[in-house]
Amino acid sequence: MTRDRAPDDESERILDALREEAASLGSVSREGVRPPGAPFPPASPAASYYGLPVLKPPTWTWEVPVYFFVGGAAGAAAVLGAAARWTGADARIVRRARWIAAAGAALSPPLLIADLGRPERFLHMLRVFKPQSAMSVGAWTLVVFSTAASAAAFADLVDGRLGGRVPVRLVADAAGTLAGVAGLGMATYTGVLLGATAIPVWFENAAVLPGHFAASALGSAVALLELLGCDDSALDTLGLGAAAAETGVGFVLERRRGRSLAPLRSGVSGGFVRAGGILSGPLALALRVLGRRRRGFRRAAGLASLAGSLCTRIGWVAAGHASARDPLPALGTSDASDSSGGFP
Amino acid sequence: MTIGAASSAGTRVTGFFTDSTLCIGCKACEVACKEWNEIPSDGFVWTGLSYDNTGALGHSTWRHVQFLERLPVLGSGGSSDAGVSWEFSSDVCKHCEVAGCEEACPTGSIVRTEFGGVFIQPDVCNGCGYCVVSCPFGVVDRRPHDGAFKCTFCYDRQKAGLVPACARACPTESIRFGELETLRRDAGRRLQELRARGVDDAVIYDPRGTSVGGIHAFFLLRGDPKMYNLPDRPEAPTVRLAPAWRAAARAAAALVAGAIGAFLLSGRR
């Protein structure tokens with residue numbers, strides 16, 4: 001974490017000359033050497049301990065933001081599938097939504113297990129259920145969701161092969177509904193997971209992140225269903241709603257002030273957050289409005305939503321890294337953070 | 001576990017009182033901790049930051065001596081001692097009364113011991129890394145391809161009736177170990193003594209007024225704790241749980257209502 005500032009050869013020569021001078025004369029007549037990077041920020045209340053970070057950055061690897069994207073979309077798809085089923089919408093939407101949910105349910109556990117420091121101990125996540133740990137709630141939500149979504153898709157498949165036997169359909173519907181309920185958790189809990197931490201850019205947006213990730217997930221689920229050929233106006237409406245919500249979140253985030261929010265606007269993290277916000281927000285919104293006339297625009301809107309959703313998750317995790325590196329917001333130095341805390 | 005209460009096992013809550021005004025910066029505590037716990041090397045760099053070549057606490061550094069070299073112009077050498085001060089302080093896991101890492105741990109690996117310390121069970125931790133982002137002091141970290149590690153409060157030594165390694169090694173008794181309430185009283189008396197001697201900038205760092213609820217390894221420092229990278233108002237991250245879950249519930253409600261509403265409306269067309 002701290003840079004190596006060993007003296008170079010030139011500095012060593014100067015230091016040797018100084019040592020000889022001190023040994024022979026008892027004093028030195030010139031200034032010493034500057035270590036690379038000198039002068040350093042002093043240790044002061046305004047500048048922290050030499051500008052070194054206070055917090056530790058997230059240790060998560062790329063699998064985690066990808067899981068946020070995949071798991072969120074899968075959860076939202078399960079919600080859409082259950083809603084479509086119980087409102088009597090097109091059966092193809094129900095079936096495809098269940099398959100999207102099952103695909104996400106199959107991908108999510110391997111992604112998370114791969115990130116663990118000791119993947120062979122992944123079952124330890126199920127040793128306890130701790131409501132005060134958002135990750136514990138999430139782990140159990142994932143277990144329920146994966147089981148239910150896989151069961152729903154499998155029962156759907158069997159139902160199709162056997163030609164509509166009632167008991168199989170009941171299983172599919174029950175599992176699909178359970179997946180939908182767990183899917184609500186899948187789409188929102190990751191926002192809570194980031195918000196309930198010590199990382200300033202995350203905890204200061206703890207009230208925004210759950211809705212932001214949910215809208216992002218909804219946009220992705222709608223996009224995937226449309227790309228699979230589902231053409232219901234309800235999907236278009238929901239896609240519009242998700243894009244509008246993402247646009248609103250973007251405005252809220254851009255308006256808020258404070259040093260702790262800098263990672264959302266600058267650097268690599270700022271680039272991803274803003275790109276994600278634009279892709280899944282105003283761009284997707286504009287394309288959907290135009291897409292009322294032209295089919296091609298609607299498809300482009302879906303792709304923009306998907307790309308935006310992934311960029312958003314990558315951006316927010318990267319922002320966490322940047323935020324952990326800045327000591328001032330963590331120390332509570334005045335003017336370093338937005339005092340409202342993001343809570344109404 | 002409440003302060004001063006005897007646990008069901010009949011043991012008392014212990015703590016560290018690190019009196020930085022007695023610290024001579026010898027780093028015996030760092031060495032003793034590494035040796036007793038057989039902690040692997042975590043590299044060596046010349047940081048150029050006074051004599052602190054350790055940098056920070058981490059997965060393989062559980063005691064970290066800070067050197068606050070306050071010279072007129074840092075890095076300029078010379079031998080002037082006008083306006084110079086040199087503070088040393090040995091940083092450690094705070095073993096918070098309400099510990100962010102303990103609350104966050106999803107495997108139940110991080111527990112409260114009968115001595116009141118916060119302990120990561122190394123055979124349970126699967127290295128999810130959630131504790132790492134939940135510590136408001138930036139103490140705990142994950143070792144690559146391994147679990148999370150931090151100061152154990154020498155749980156094994158305490159169980160054997162011994163004093164933790166760092167306190168045992170400290171030559172000036174700057175690191176004092178004992179019953180927490182006794183230490184807090186002693187710290188108060190020490191603060192009064194220093195103030196009486198004209199040391200006006202001495203403060204006790206024990207954030208009891210925040211959601212962390214006080215720390216079992218507290219400090220007596222000279223100057224503003226922020227200079228030592230100690231936050232003014234550290235918060236246990238779980239204070240943000242309720243507002244965040246409420247936001248999640250609102251989002252979920254909107255998602256359900258929106259989905260059902262959209263499908264019903266399209267069905268009517």
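These figures come from a predicted structure and were not determined experimentally. Residue numbers begin at 1 in each chain, while the letters A, B, ... track the order of the sequences.
Only the side chain of A:Asp232 comes within contact range of chain B, judged by heavy atoms closer than 4.5 Å. Neither the backbone nor the side chain of A:Trp140 comes within contact range of chain B; no heavy atom of the residue lies under 4.5 Å from a heavy atom of that chain. If you measure heavy-atom distances from A:Phe122 to chain B, the contacts under 4.5 Å come from the backbone alone. In this structure, the portion of B:Cys135 lying under 4.5 Å from any heavy atom of chain A is its backbone and not its side chain. If you measure heavy-atom distances from A:Ala330 to chain B, the contacts under 4.5 Å come from the backbone alone. Contact of A:Val137 with chain B is made through the side chain alone, with heavy-atom distances under 4.5 Å. For B:Glu235, no part lies under 4.5 angstrom from a heavy atom of chain A. For chain B, the nearby part of A:Ile93 is the side chain; its heavy atoms alone come within less than 4.5 Å. For chain B, no part of A:Leu209 is nearby; none of its heavy atoms comes within less than 4.5 Å.
B:Arg63 and B:Ser90 form a side-chain donor-acceptor contact under 3.5 Å, judged by distance and modelled atom types alone. Side chains of B:Asp52 and B:His64: a donor on one and an acceptor on the other come within 3.5 Å. For the residue pair B:Glu30/B:Thr54, the side-chain donor-acceptor check at 3.5 Å is satisfied.
Among A:Asp236, A:Leu184, A:Leu218, A:Val192, the residue making the largest number of heavy-atom pairs under 4.5 Å with chain B is A:Val192. Ranked by non-hydrogen atom pairs under 4.5 Å with chain A, the options B:Ala248, B:Gly129, B:Ala254 are led by B:Ala248. Top candidate by heavy-atom pairs under 4.5 Å with chain A, chosen from B:Leu241, B:Thr238, B:Leu230, is B:Leu241. The residue among B:Gly58, B:Ser50, B:Ala249, B:Cys105 with the most heavy atom pairs within less than 4.5 Å of chain A is B:Cys105. When each of B:Val132, B:Ile260, B:Asp232, B:Asp146 is checked for heavy-atom pairs under 4.5 Å with chain A, B:Asp146 comes out on top. When the candidates A:Thr188, A:Asp90, A:Leu126, A:Leu193 are compared by the number of heavy-atom contacts under 4.5 Å with chain B, A:Leu193 comes out ahead.
Ring centers of B:Tyr51 and B:Trp86: under 6.0 Å apart, within the cut-off. Checked against a 6.0 Å centroid threshold, the rings of B:Tyr228 and A:Tyr49 do not count as neighbours.
Among residues two or more places apart in sequence or in another chain, the ring-ring contact (aromatic ring centres under 6.0 Å, His included) test is passed with B:His95 by B:Phe153.
Under 4.0 Å is where a charged nitrogen must lie from a carboxylate oxygen, and between B:Arg222 and B:Asp201 at least one such pair does.
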Test salt bridge (charged side-chain N to carboxylate O under 4.0 Å, His left out) applied to B:Lys34 and B:Asp42, step by step
CA-CA 11 Å; B:Lys34 281 260 193 180; B:Asp42 48 355; 3.1 Å; yes
Between B:Asn126 and B:Thr107, does a side chain to side chain donor-acceptor pair (under 3.5 Å) hold up when you go through it step by step?
CA-CA 8 Å; B:Asn126 61 13; B:Thr107 61; 5.1 Å; no
Apply the test side-chain contact (heavy atoms from CB on, under 4.5 Å) to residues B:Gln66 and B:Leu68: give CA-CA distance (whole Å), side-chain angles for both, the deciding distance (0.1 Å), then the verdict.
CA-CA 6 Å; B:Gln66 296 171 307; B:Leu68 269 75; 4.2 Å; yes
